[in-house]
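So the structure is just underneath, and the comments pick up after that.
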Amino acid sequence: MIIVCKASANEEKLNKLIAHLNSLGLETHVSIGVMSTVIGLIGDTSKVDIESLEAWDITEKVKRVSEPFKLANRKFHNEPTVIDINGVKIGDKYFSVMAGPCSVESEEQIIACAKSIKAAGGNILRGGAFKPRTSPYAFRGLKEKGLDLLLTAKKETGLPVVSELMSLEHLDLFSDIDIIQIGARNMQNFELLSELGKCGKPILLKRGLANTIEEWLMSAEYIMASGNPNVILCERGIRTFETTTRNTLDISAVPVLRGLTHLPVIIDPSHATGKATLIHPLAKAGVAVGADGLMIEVHPTPEQALCDGAQSITPQKFAEIMSDVKTLCHIEGRIL
């Protein structure tokens, strides 16, 4: 249930209403927007008398929310959420590009990547240190050393870094990582999500391979319900009957989410297609459809990459893509 307060509502009256709602055993979440203030009610609202709430002079309207996700719901928080990562903003009019290798392989590789990404206009460095792989015999990352190398590249370039966390036992190692990524395979690891709700860091939550949008938003709700509102959603392709591409990029998920949630949404065309040749057109499509950012795999020598070389692009190609992305962002009034 949500209560939309009148624009004239003052702080004293708002606090009285909140106190009344808390006395009913309800948890309240207040979102103060430019035009109105919205109070979201969490708990058993089945016995709440809507007419009695409408009788308060600061109440404009009261609505029941049918969707099971509350905190992530746009009805609770109409203003788009903007997440600030060391000065890099994601959400609303702010566009962000996260780029880097699928896996950190060496200091030379990650620093070369970081410098080329920054030069081209990318503003967040991505890199895998702990790698979930289908085969137990595949390269599974440099682990703690990989995180150290990411932080070295951060010192060299000033770029914030994002890397994937696979297990709670490694959480302490991510203390200096700016954004914690939760991959598709862990999207419904609810214990992990709940703990990340206590860490305060921005969480990049990738959609599961076969999960619905509602299931995805419910996973975001786990993080937010534990106290962390800084969630970024990442559409990385879903598994369908099509085999031409690695996955099927659900580009329609972006405008659908625009109507359902206030959280930022980015797309990952690299994992979605598995083909370097498709990254450029899908990156442009992501901007055009209203995504808040991109995640792109870049490697100095894709043919020698230890992980996902076929879907990685060269720094030169990344610069070409960034040129088009900047043009599209300028046309649409986005800030990159």
Side-chain angles (χ1 to χ4, degrees), residues 97-167 169-186 204 206 234 236-237 246-247 266 268-280 283 294-322:
V97 179
M98 308 176 186
C102 179
S103 180
V104 179
E105 298 169 0
S106 67
E107 182 173 340
E108 180 183 14
Q109 173 238 25
I110 193 62
I111 290 178
C113 262
K115 288 181 176 179
S116 64
I117 287 160
K118 184 175 182 179
N123 48 19
I124 296 176
L125 176 64
R126 63 142 293 156
F130 294 85
K131 296 299 303 176
R133 304 299 299 277
T134 302
S135 169
Y137 308 113
F139 177 63
R140 297 168 65 190
L142 296 179
K143 300 181 171 47
E144 187 173 358
K145 181 182 178 183
L147 294 176
D148 290 339
L149 293 178
L150 271 175
L151 295 175
T152 298
K154 176 182 176 179
K155 290 178 182 178
E156 286 278 336
T157 62
L159 293 176
V161 295
V162 54
S163 194
E164 182 172 355
L165 172 71
M166 293 173 54
S167 171
E169 66 179 288
H170 301 139
L171 183 56
D172 289 345
L173 300 177
F174 282 69
S175 59
D176 294 322
I177 300 299
D178 299 287
I179 307 172
I180 295 177
Q181 175 182 314
I182 298 301
R185 295 167 180 84
N186 267 323
L204 179 71
K206 287 200 165 188
C234 179
R236 45 81 68 208
R246 182 176 182 178
N247 296 288
I266 71 170
D268 177 353
S270 302
H271 278 93
T273 65
K275 295 185 177 182
T277 55
L278 299 178
I279 307 304
H280 198 157
L294 302 168
M295 175 172 268
I296 297 176
E297 292 194 358
V298 180
H299 195 288
T301 52
E303 67 280 2
Q304 297 176 20
L306 298 179
C307 179
D308 287 343
Q311 66 190 38
S312 300
I313 59 172
T314 63
Q316 292 77 19
K317 183 62 181 176
F318 179 70
E320 291 178 26
I321 293 173
M322 285 301 298

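Residue indices begin at 1 and follow the sequence shown.
Glu156 is linked by a side chain to side chain donor-acceptor pair (under 3.5 Å) to nothing, counting only residues two or more places apart in sequence or in another chain. Listed by chain and residue number, Pro132, Met166, Gln181 satisfy the side chain to side chain contact (heavy atoms under 4.5 Å, CB included) test with Glu164 (two or more places apart in sequence, or in another chain). Under the rule for a ring pair (Phe, Tyr, Trp, His ring centres under 6.0 Å), the partners of Phe130 that lie at least two apart in sequence or sit in another chain are His170. Every residue meeting the side chain to side chain contact (heavy atoms under 4.5 Å, CB included) condition with Thr277, not counting sequence neighbours, appears here in chain and number order: Lys275. Scored by the salt bridge (Lys or Arg N to Asp or Glu O under 4.0 Å) test, Lys118 finds no partners at all (sequence neighbours excluded).
What you find for Asp268 and Cys234 is that their closest heavy atoms are CB-SG, 3.8 Å. Smallest separation of non-hydrogen atoms from Ala99 and Val298: CB-CG2, 4.0 Å. Heavy atoms only, all atoms of each residue included: Phe174 and Ser163 are closest at CE2-O, 3.7 Å. Between Pro300 and Pro315, the closest heavy-atom pair is CA-CD, 3.9 Å.
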Under the side-chain contact (heavy atoms from CB on, under 4.5 Å) rule, what do Ile180 and Leu171 come out as? Steps first, then yes or no, please.
CA-CA 9 Å; Ile180 295 177; Leu171 183 56; 3.9 Å; yes

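Note that NZ of Lys145 is 13.0 Å distant from CG of Leu150, once rounded to the nearest 0.5 Å. Taken to the nearest 0.5 Å, the CD1 atom of Ile117 stands 9.5 Å off from the CZ atom of Arg126. How far CG of Leu125 is from CG of Leu159: 6.0 Å, rounded to the nearest 0.5 Å. In this structure, Cys102 SG and His271 NE2 are separated by 4.5 Å, a value rounded to the nearest 0.5 Å. In this structure, the separation between CZ on Arg246 and OG on Ser270 is 9.5 Å, given to the nearest 0.5 Å. Taking CD1 of Ile321 as the start and CD1 of Ile296 as the end, the distance is 5.0 Å to the nearest 0.5 Å.
Using a 4.5 Å cut-off on side-chain heavy atoms (C-beta onward), Leu204 and Met98 make contact. Looking only at side-chain heavy atoms (C-beta outward), Leu278 and Pro269 stay at 4.5 Å or farther from each other. Here the side chains of Leu151 and Ile177 are in contact, with some heavy-atom distance below 4.5 Å.
The 12-atom threshold is not exceeded at NZ of Lys115, counting heavy atoms of other residues, nucleotides or ligands nearer than 6.0 Å.
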Would you give me the side-chain donor-acceptor pairs under 3.5 Å for residues 107-114, sequence neighbours excluded?
unit_1	atom_1	unit_2	atom_2	d
Gln109	OE1	Glu105	N	2.9
Gln109	NE2	Ser103	O	3.1
Gln109	NE2	His299	NE2	3.4

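Look at Asp178 and Lys154 and you find a salt bridge, because one of the NZ, NE, NH1 or NH2 atoms lies within 4.0 Å of a carboxylate O, short of that distance.
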